[in-house]
J.: 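Sharing a structure with you now.
The residues of the chain are indexed from 1 along the displayed sequence. Nothing here was measured: the structure is a model prediction, and the numbers come from that model.
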Amino acid sequence: MFLETLIVSPIVFLRVVIIVIISISLHELAHGLVALSQGDDTPRKQGHITLNPLVHMGWESLIFLCVTGIAWGKMPINASNFRSQRLGNILVSTAGPLCNLVLAFLCVGLLKLLADSTYAEFFSFQFLYMSAHINLMLFLFNLLPIPPLDGFYIFSEIFPILKPLQYTYFGLFALMMLFLIPEFGDGLSAIAVFILRTIL
C-alpha cells in the first residue's frame with residue numbers, strides 16, 4: 001500500500017502527494033475555466049475557480065491519496081449552459097488532460113533548461129522528472145473512454161452511441177478491474193517513461 005512509502009521513503013511519499021495534489025487541482029481548474037469560456041458560470045458560482053485543493057479534491061480524496069496513492073477531483077459544470085453543448089463538452093473535457101500534458105512538458109523543458117545551468121543545484125531533477133512522469137500518466141489515464149473519465153465525454157460526443165454507458169455501472173466496474181490489474185499501472189508508467197526518454 002502507498003502509505004508504506006511514508007516509512008520506507010518519506011521524501012518520495014511527500015513528492016508524490018504534492019505533485020498529485022497540484023496536478024489534480026490544476027486539472028480541475030482547467031475544466032472550470034474552459035466551462036466559463038463556454039458560457040457556464042456554475043464553477044464560479046460554486047466557488048471552484050480557486051487553487052485550493054480542498055475545494056477541488058475534498059478530504060476524502062486527500063486521505064485516499066495518502067493511503068493508496070489514488071485520488072480524484074471534481075468540478076461542478078452544467079453543460080446545458082454551454083453555447084454549443086457538443087463542442088463545449090469536448091473542449092471542457094479535453095482541458096483537464098491537456099493541462100496535465102502541458103505540466104509534463106513544462107517540467108521536461110525545465111529539465112532541459114537546467115541541465116547545463118549554474119542554477120541546477122537549486123532545483124531537484126528527481127522532483128521535476130517525477131512531476132513530468134505523473135502528469136503524463138494522468139494525461140493518458142484520463143483519456144481512457146470510460147465513464148466518468150474525461151476521455152469518455154470526449155468520445156461520447158464524437159460517437160453518441162456510447163452516451164448511455166454513463167448511466168450504467170460499466171464505468172465503475174471497468175475502473176475497479178483496471179485498478180486490480182497491476183500490469184495496467186505498470187503499462188501506463190512504461191508508456192510515460194518511454195515518452196520522457198524520447199524527448200529528454
J.: Do M75 and T42 come within less than 4.5 Å of each other through their side chains, counting heavy atoms only?
T.: no
J.: Are any of the side-chain heavy atoms of L14 and I11 separated by less than 4.5 Å?
T.: no
J.: For residues F179 and I24: do they belong to one hydrophobic cluster (side chain heavy atoms under 4.5 Å, members Ile, Leu, Val, Met, Phe, Trp, Tyr)?
T.: no
J.: Let me see the working for V17 and F2 under side-chain contact (heavy atoms from CB on, under 4.5 Å), right down to the final yes or no.
T.: CA-CA 10 Å; V17 169; F2 179 66; 4.0 Å; yes
J.: Return yes if a side-chain donor-acceptor contact under 3.5 Å exists between R15 and S124, otherwise no.
T.: yes
J.: How many angstroms lie between OG in S131 and CG in L106, if you round to the nearest 0.5 Å?
T.: 9.5 Å
J.: Give a yes-or-no answer on whether the side chains of N135 and S23 include a donor-acceptor pair shorter than 3.5 Å.
T.: yes
J.: May I ask you to decide if S37's main-chain N or O and R83's side chain share a donor-acceptor pair within less than 3.5 Å?
T.: yes
J.: Search all heavy atoms of C99 against all heavy atoms of A30 and return the closest pair with its distance.
T.: CB-CB, 3.8 Å
J.: Pairs of donor and acceptor atoms involving the side chains of residues 144-156, under 3.5 Å and at least two apart or interchain, shall be tabulated with distances.
T.:
unit_1: D150; atom_1: OD1; unit_2: H31; atom_2: NE2; d: 3.3
unit_1: D150; atom_1: OD2; unit_2: H27; atom_2: NE2; d: 3.0
unit_1: D150; atom_1: OD2; unit_2: H31; atom_2: NE2; d: 3.3
unit_1: S156; atom_1: OG; unit_2: F152; atom_2: O; d: 2.9
unit_1: S156; atom_1: OG; unit_2: Y153; atom_2: O; d: 3.3

J.: Report the distance from atom CG of N142 to atom CG of L101, rounding to the nearest 0.5 Å.
T.: 12.0 Å
J.: Treat each ILVMFWY residue as a node, draw an edge where side-chain heavy atoms are under 4.5 Å apart, and state whether V108 and V102 are in one component.
T.: no
J.: Heavy-atom distance under 4.5 Å between the side chains of F125 and L111, does that happen here?
T.: yes
J.: Of L62, I70, L65, which is the lone residue that meets side-chain contact (heavy atoms from CB on, under 4.5 Å) with V20?
T.: L65
J.: In the single-linkage hydrophobic clustering (I, L, V, M, F, W, Y; side-chain heavy atoms under 4.5 Å), do V67 and V8 co-cluster?
T.: no
J.: Between L26 and L51, does the side-chain contact (heavy atoms from CB on, under 4.5 Å) criterion hold? Intermediate values first, please.
T.: CA-CA 7 Å; L26 292 176; L51 291 172; 3.7 Å; yes
J.: As a quick check of understanding, evaluate side-chain contact (heavy atoms from CB on, under 4.5 Å) for V92 and F82, giving each step before the final call.
T.: CA-CA 10 Å; V92 171; F82 295 157; 3.6 Å; yes
J.: Just by modelled atom types, is the L165 backbone N or O under 3.5 Å from a matching donor or acceptor in the T168 side chain?
T.: yes
J.: Please list all pairs passing the salt bridge (Lys or Arg N to Asp or Glu O under 4.0 Å) test where one or both residues lie in residues 23-42, with sequence neighbours left out.
T.: D41-R44
J.: Could you tell me if the side chain of L29 sits less than 4.5 Å from the side chain of S25, heavy atoms only?
T.: no
J.: Does the side chain of C66 reach to within under 4.5 Å of the side chain of F13, using non-hydrogen atoms?
T.: yes
J.: Please go through M177's hydrophobic cluster and name the other residues, only I, L, V, M, F, W, Y counting, with side-chain heavy atoms under 4.5 Å joining them.
T.: F173
J.: Tell me which pairs pass salt bridge (Lys or Arg N to Asp or Glu O under 4.0 Å) where either residue lies in residues 161-171, with sequence neighbours left out.
T.: E157-K163
J.: Are L36 and I77 connected into the same hydrophobic cluster when the rule is that any two of I, L, V, M, F, W, Y join if their side-chain heavy atoms are below 4.5 Å apart?
T.: no
J.: For the atom pair CG (D186) and CD1 (I181), what is the distance rounded to the nearest 0.5 Å?
T.: 11.5 Å
J.: Which residue pairs pass the side chain to side chain donor-acceptor pair (under 3.5 Å) test with at least one member in residues 45-69, sequence neighbours excluded?
T.: none
J.: N100 versus L136: any side-chain heavy-atom pair under 4.5 Å?
T.: no
J.: With a 4.5 Å cut-off on side-chain heavy-atom distances among I, L, V, M, F, W and Y, is there a chain of contacts connecting I158 to L162?
T.: yes
J.: Taking all non-hydrogen atoms of both residues into account, name the closest pair between P43 and A35 and its distance.
T.: CG-CB, 4.1 Å
J.: Please list, one pair per line, the donor and acceptor atoms closer than 3.5 Å that link side chains of residues 188-200 to other protein atoms, with sequence neighbours excluded.
T.:
unit_1: S189; atom_1: OG; unit_2: H133; atom_2: NE2; d: 3.0
unit_1: T198; atom_1: OG1; unit_2: F194; atom_2: O; d: 2.6

J.: Could you report the tightest heavy-atom contact between N89 and S93, atom names first, then the distance?
T.: O-OG, 2.7 Å
